[in-house]
Amino acid sequence: MSETRIGYARCSTESQDLDAQRAALIGLGVAEDRIYTDHGLTGTNRERPGLAQALAAVREGDTLVVPKLDRLARSVPDARAIADELEKRGVKLALGASVHDPTDPMGKMFFNILATFAEFEADLIRMRTKEGMAIARSKGKLKGKKPKLSDKQQRELCRMHVTGEYSISDLAEVFSVSRPTVYRTLKRNQT
């Protein structure tokens, strides 16, 4: 039985390009038709079709090749789960040119350190994004979704509701909005 090398590449946003990762995988001995990809999906999301296909394609004795560990997973538990699954199935995992050996204590430690850095990097990205959004919001540049009803329509909806003559469904129909929009409007305009 000969070894097959299956490649996996991923990028988080639609604007990113997979060409560099594809070239790296081909350079590592993966045939172009054996490369599975996910485009626009984060490594923290385990529900990735390309990853599922790559994991389904590898058989005992094969090697799953990823350019870097952070392309495979962005959390220590997820990286460990994938590596453990591959080990149970008799599949090797290559991180770039290095083959991960789960029986080697140094290799296991190095793998866990790489997974920790990948998770740390993902956490930093999330933190920076939240900070940037908070700053933009404080400067008035990030206002959120515009309400469906104008201020005048919101006042009229609230006035009609207070009369008790109109149900939530009636108000939704009159103002051509959904029931949740009516509830949000009433909540937002409570005094």
*Start with the C-alpha distance between Val91 and Glu60, add both sets of side-chain angles, then the distance that settles side-chain contact (heavy atoms from CB on, under 4.5 Å), and finish with yes or no.*
CA-CA 5 Å; Val91 176; Glu60 186 176 352; 5.6 Å; no
*Apply side-chain contact (heavy atoms from CB on, under 4.5 Å) to the pair Leu86 and Val58, showing each step before the final yes or no.*
CA-CA 9 Å; Leu86 293 172; Val58 291; 4.1 Å; yes
*Can you name the nearest heavy-atom pair linking Cys11 to Arg71, along with the distance?*
CA-NH1, 3.8 Å
_Any Ile82 side-chain heavy atom under 4.5 Å of Leu93 side chain_ = no
*Which heavy-atom pair separates Pro67 from Leu25 by the least distance, and what is that distance?*
CD-CD2, 3.8 Å
*To the nearest 0.5 angstrom, please state how far the CZ atom of Phe175 sits from the CD atom of Gln154.*
10.0 Å
_For Glu156, is there an ion pair with Lys152 - N to carboxylate O distance below 4.0 angstrom?_
no
*Between atom NZ of Lys148 and atom OG of Ser178, what is the distance when rounded to the nearest 0.5 Å?*
6.5 Å
_By side-chain contact (heavy atoms from CB on, under 4.5 Å) - contacts of Lys139 (at least two apart)_ = Ile135, Lys141
*Provide the closest heavy-atom pair for Leu51 versus Asp38 in the form atom of the first, atom of the second, distance.*
N-OD2, 3.0 Å
*State yes or no: do Tyr166 and Leu186 share one hydrophobic cluster built from I, L, V, M, F, W and Y residues joined by side-chain heavy-atom distances below 4.5 Å, directly or via other members?*
yes
*Taking His39 for its side chain and Asp17 for its backbone only, find out whether a donor-acceptor pair lies under 3.5 Å.*
no
_Flag side-chain contact, heavy atom, 4.5 Å: Arg10 against Thr37_ = no
_Interatomic distance, Asn112 atom CG to Arg80 atom CZ [nearest 0.5 angstrom]_ = 5.0 Å
*Ala57 versus Ile6, closest heavy-atom pair with distance*: CB-CD1, 4.1 Å
*Quick one: do Ile35 and Leu64 end up in the same hydrophobic cluster if we chain Ile, Leu, Val, Met, Phe, Trp and Tyr together by side-chain heavy atoms under 4.5 Å apart?*
no
*With a 4.5 Å limit on heavy-atom distance, are the side chains of Ile125 and Thr129 in contact?*
yes
_Nearest heavy atoms of Glu165 and Asp170, plus distance in Å_ = O-OD2, 4.3 Å
_Assess whether a salt bridge exists between Glu121 and Arg74, defined as any Lys/Arg side-chain N lying under 4.0 Å from an Asp/Glu carboxylate O._
yes
_Residue pair Glu87 / Lys92, side-chain heavy-atom distance below 4.5 Å_ = no
*asked:* If we ignore hydrogens and angles and just use 3.5 Å, is the side chain of Gln153 paired with the main-chain N or O of Ser150 as donor and acceptor?
replied: yes
*Between the main-chain N or O of Thr63 and the side-chain N or O of Arg5, is there a donor-acceptor pair closer than 3.5 Å?*
no
*asked:* Please tell me whether Tyr8 and Arg48 have a donor and an acceptor in their side chains that are separated by less than 3.5 angstrom.
replied: yes
*Treat each ILVMFWY residue as a node, draw an edge where side-chain heavy atoms are under 4.5 Å apart, and state whether Ile113 and Leu69 are in one component.*
no
*Tell me, yes or no, whether the heavy-atom count around Glu173 atom CD, taken from other residues, nucleotides or ligands under 6.0 Å, exceeds 12.*
no
*Begin from the C-alpha positions of Glu119 and Asp78 and carry the test side-chain contact (heavy atoms from CB on, under 4.5 Å) through to its verdict.*
CA-CA 10 Å; Glu119 184 173 324; Asp78 199 25; over 6 Å; no
_Flag for Thr4-Arg34: side-chain donor and acceptor within less than 3.5 Å_ = no
*Expected output: side-chain Thr185 to main-chain Thr181 donor-acceptor under 3.5 Å*: yes
*Roughly how far, to the nearest 0.5 Å, is the CG atom of Leu95 from the CZ atom of Phe110?*
8.0 Å
*Are Arg59 and Asp62 ion-paired here, with the side-chain N under 4.0 Å from a carboxylate O?*
no
*asked:* Take a 6.0 Å sphere around CE of Met106 and say whether it holds more than 12 heavy atoms from other residues, nucleotides or ligands.
replied: no
*Indicate the atoms forming the closest heavy-atom contact of Asp70 with Ala118, along with that distance.*
CB-CB, 3.8 Å
*Establish whether Val76 and Phe111 are linked, either directly or via other cluster members, by ILVMFWY side-chain heavy-atom contacts under 4.5 Å.*
no
*Cluster question for you: counting only ILVMFWY and a side-chain heavy-atom cut-off of under 4.5 Å, with indirect links fine, are Leu149 and Met160 together?*
yes
_Go through it in stages, so that I can follow the logic: the residues are Arg155 and Asn189, the test is side-chain contact (heavy atoms from CB on, under 4.5 Å), and I'd like the CA-CA distance, side-chain angles, deciding distance and then a yes or no._
CA-CA 8 Å; Arg155 284 192 301 275; Asn189 289 282; 5.6 Å; no
